[in-house]
Amino acid sequence: MTIGLLLALAALALIDSTSFGTLIIPLYLVLALDRPRTWRLTVYLATVSAFYFLVGVALMLGVGVVMDAFGEVLQSRPAYIAQLVAGVTLIVLSYRLDPKWRAKRGKPELKLQPRVGGPATMVMLGLTAAVLEVATMVPYLAAIGLMTTSGLVAAQWLPALAAYTLVMILPILVIIGLRAAAGERLEPRLERLRRWLSKHSASAASWAVAIVGILLIRDAVTYLFGQPT
């Protein structure tokens, strides 16, 4: 494992740390929970991290198996046509998520107000946020791709995945620590940060979905029209 690969993984993890599930919802919870109940946020973060880690393990173990078993089917013309349709669908969805598109058509802005509760509620909230972000795990999928193409063995990519998920929640852990140290003096700044992130989160999700759609379309078009049949 090279230094370049480690730096690339760290950069992708930091990008992932700014997503809806790893920063915006936790910020909301930081402000909604009083200090004695902040431990519930730890339950949420542990759930999201565990989900990401298990998805990464499944991808690292399953990509080769799936390709061996279904490689010919997945690389067939019908499969690429389905991929093209999926890409176009994601592009359409990205427009429907875009705040400007919704505002022009008089549609309400998409917002999520997470429900604060006990440990079971925090686990369900973490799972819901993580599942909703599966389609937009662009940095994480890129990290999986880097580790796959680098030919890492399990003894290398397992700790790399664990480190990735830790770096991914590091910014919110820093914020929790600063809040504990600064007390109420930090509350107004955190609220302004939460509002700014909430305002731009829909646009970020729209762009992420569009990027995934473009990548699917490009790959499908290259196969369907870029080579003789």
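Atoms considered below: every heavy atom in the structure, side chains included; atoms not considered: hydrogens, waters and symmetry mates.
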- Message: Please tell me whether Val92 and Val85 are part of a single hydrophobic cluster in this structure, the criterion being side-chain heavy atoms less than 4.5 Å apart.
- Response: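 No; tracing contacts between hydrophobic side chains, which count when under 4.5 Å, never links both residues.
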- Message: Check for me, please, whether Leu14 and Leu5 land in the same ILVMFWY cluster - side-chain distances under 4.5 Å, paths through other members count.
- Response: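 In one cluster: no.
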- Message: side chain to side chain contact (heavy atoms under 4.5 Å, CB included) for Val48 and Ile25? Distances and angles first, verdict last.
- Response: CA-CA 11 Å; Val48 173; Ile25 291 180; over 6 Å; no
- Message: Run Met60 and Thr148 through side chain to side chain contact (heavy atoms under 4.5 Å, CB included) and show every step you take.
- Response: CA-CA 7 Å; Met60 292 296 294; Thr148 301; 3.6 Å; yes
Is there a donor-acceptor pair under 3.5 Å between the side chain of [X] and the backbone N or O of [Y]?
X      : Y      : result
Thr47  : Gly126 : no
Ser150 : Met147 : no
Tyr44  : Gly21  : yes

- Which atom names give the shortest non-hydrogen contact between Ala10 and Val167, and what distance separates them?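 In terms of heavy atoms, the two residues are closest at O-CG1, 4.1 Å.
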- Search all heavy atoms of Ala154 against all heavy atoms of Pro159 and return the closest pair with its distance. O-CD, 4.0 Å
Kindly compute the distance separating [atom1] ([X]) from [atom2] ([Y]), expressed to the nearest 0.5 Å.
X      : Y      : atom1 : atom2 : value
Ile172 : Leu23  : CD1   : CG    : 5.5 Å
Thr128 : Phe51  : OG1   : CZ    : 10.0 Å
Leu9   : Trp157 : CG    : CH2   : 13.5 Å
Met168 : Leu173 : CE    : CG    : 10.5 Å
Leu166 : Phe53  : CG    : CZ    : 12.0 Å
Leu158 : Leu152 : CG    : CG    : 10.5 Å

- Contacts of Tyr52 that satisfy side chain to side chain donor-acceptor pair (under 3.5 Å) - sequence neighbours left out: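 For Tyr52, the residues satisfying side chain to side chain donor-acceptor pair (under 3.5 Å) (neighbours in sequence not counted) are Glu133.
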- Task: Tell me, please, which residues at least two apart from Tyr164 pass side chain to side chain donor-acceptor pair (under 3.5 Å).
- Result: Asp16
- Item | Close side-chain approach of Ile169 and Ser17, heavy atoms under 4.5 Å |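 The answer is no, as the side chains (C-beta and beyond) never meet within the 4.5 Å cut-off.
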- Message: Counting neighbours of CD1 on Ile3 that are heavy atoms of other residues, nucleotides or ligands and sit closer than 6.0 Å, is the number greater than 12?
- Response: no
- Query: Yes or no on side chain to side chain contact (heavy atoms under 4.5 Å, CB included) for Thr42 and Ile176, after CA distance, side-chain angles and deciding distance?
  - Reply: CA-CA 10 Å; Thr42 306; Ile176 293 172; 5.9 Å; no
- Query: What do the steps show when you test Val55 against Leu161 for side chain to side chain contact (heavy atoms under 4.5 Å, CB included), and what is the final call?
  - Reply: CA-CA 10 Å; Val55 168; Leu161 277 179; over 6 Å; no
